[in-house]
Amino acid sequence: MKDELMYHINLSEKDAAKYAILPGDPGRVEKIASFLDNPRFVSRNREYTTFEGYLDNEKILVVSTGIGGPSTAICVEELCKIGVDTFIRVGTCGGMQMNVNPGDVVIASGAIRMDGTSREYMPIEYPAVADFSVTSALAKAAKKLQYPHHIGVVQAKDSFYSQHSPDSMGVVDELNSKWKAWIRGGCLASEMESAALYIVSSVRNLRAGSVFHCVWNQEQAGHGMPQENHSLDTTCAIKTAVEALRILIKEEKE
């Protein structure tokens, strides 16, 4: 059974680790792995590219999830089956509060469930929340590294263009009304995977957290603020995740 490959991620129990970093983009996996010791390519299948490396002698998997909840849920389910129990998503987001600037780090303590995948695990009334120990480690890491950062709720959506072109959609009134409500409620940013990650992790008794790099801020742009400073360098979010894992590893060994 140890050699039996998971159908989608193409990994088996012999590839297992306790910890995994989950970017969405397969092209970001190697970059993340470069911050680990002895990084090595493991597998590539569909949207799932995997590298492994080590941090303080603890094996870490870096596995891309692709875009959105369905592929993220598959990834988490299959990694769980081979032994992973702690996940940190590293992704990009768009700022929603006026003080969330391009280049800032956003740590998601919870997610608004505007996805479909999580509804097939738990009723919509059940909150999508991150594991406290993982979120705490991410907060400590961002503070230690002195990165501008924010901690709070993010919006996890299924449709990228429903956010960026809501007026072209048939449910324009619903989209705009909810967007305004999320902002009034203090939602920090918008992304596409954390709700599924958190709900699957809750159901499967796993630990999960998320850290994002803010690429730009749609609200700032809507208020006429210049957006030439789009930020595409995800290094700060990656380093925050790696340092958070270092903190978690140290805490568990103690």
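Along the sequence shown, residues carry numbers from 1. Side chains included, hydrogens not; waters and symmetry mates left out as well; all remaining heavy atoms used.
Within a 6.0 Å radius of CD in E251, more than 12 heavy atoms belonging to other residues, nucleotides or ligands are found. In this structure, K253 places its NZ atom where more than 12 heavy-atom neighbours from other residues, nucleotides or ligands lie under 6.0 Å away.
Residues D56 and K250 are not paired through a salt bridge, judged by the lack of any N-O separation under 4.0 Å between the basic side chain and the carboxylate. Using a 4.0 Å cut-off between charged nitrogen and carboxylate oxygen, K14 and E52 do not count as a salt-bridge pair. Salt bridge annotation for R40-E30: absent, with no cationic side-chain nitrogen under 4.0 angstrom from a carboxylate oxygen. In summary, K81 and E13 do not engage in a salt bridge, as defined by a charged side-chain N under 4.0 Å from a carboxylate O. The pair E58-K18 does not count as a salt bridge, with every side-chain nitrogen at least 4.0 angstrom from each carboxylate oxygen.
To the nearest 0.5 Å, atom CD of residue E191 and atom CZ of residue R89 are 5.0 Å apart. Once rounded to the nearest 0.5 Å, the distance linking CE of M114 with NZ of K178 reads 5.0 Å. Taking CD of E254 as the reference point, atom CD1 of I249 lies at 12.0 Å (rounded to 0.5 Å). Considering OG of S210 and CG of L138, their distance stands at 8.0 Å, rounded to 0.5 Å.
Defined by atom type and a distance below 3.5 Å, a donor-acceptor pair is missing between the side-chain atoms of N57 and D37. If you check the side chains of S133 and D131, you find a donor sitting under 3.5 Å from an acceptor. A donor-acceptor pair shorter than 3.5 Å cannot be found between the side chains of E219 and Q97. In this model, a donor atom of one side chain and an acceptor atom of the other lie less than 3.5 Å apart for N10 and S43.
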Donor-acceptor pairs are to be reported for all side-chain atoms of residues 148-156 against protein atoms at under 3.5 Å, with residues two or more places apart or in another chain.
from, atom 1, to, atom 2, distance (Å)
H149, ND1, Y147, O, 2.8
H150, NE2, D104, OD2, 2.8
Q155, OE1, S190, OG, 2.5

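Panel note: side chain K59, backbone D15; a donor-acceptor pair is recorded below 3.5 Å.
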Exercise. Does the pair Y126 and S202 meet the rule for a side-chain contact (heavy atoms from CB on, under 4.5 Å), with working shown?
Worked result: CA-CA 10 Å; Y126 191 90; S202 292; 4.2 Å; yes

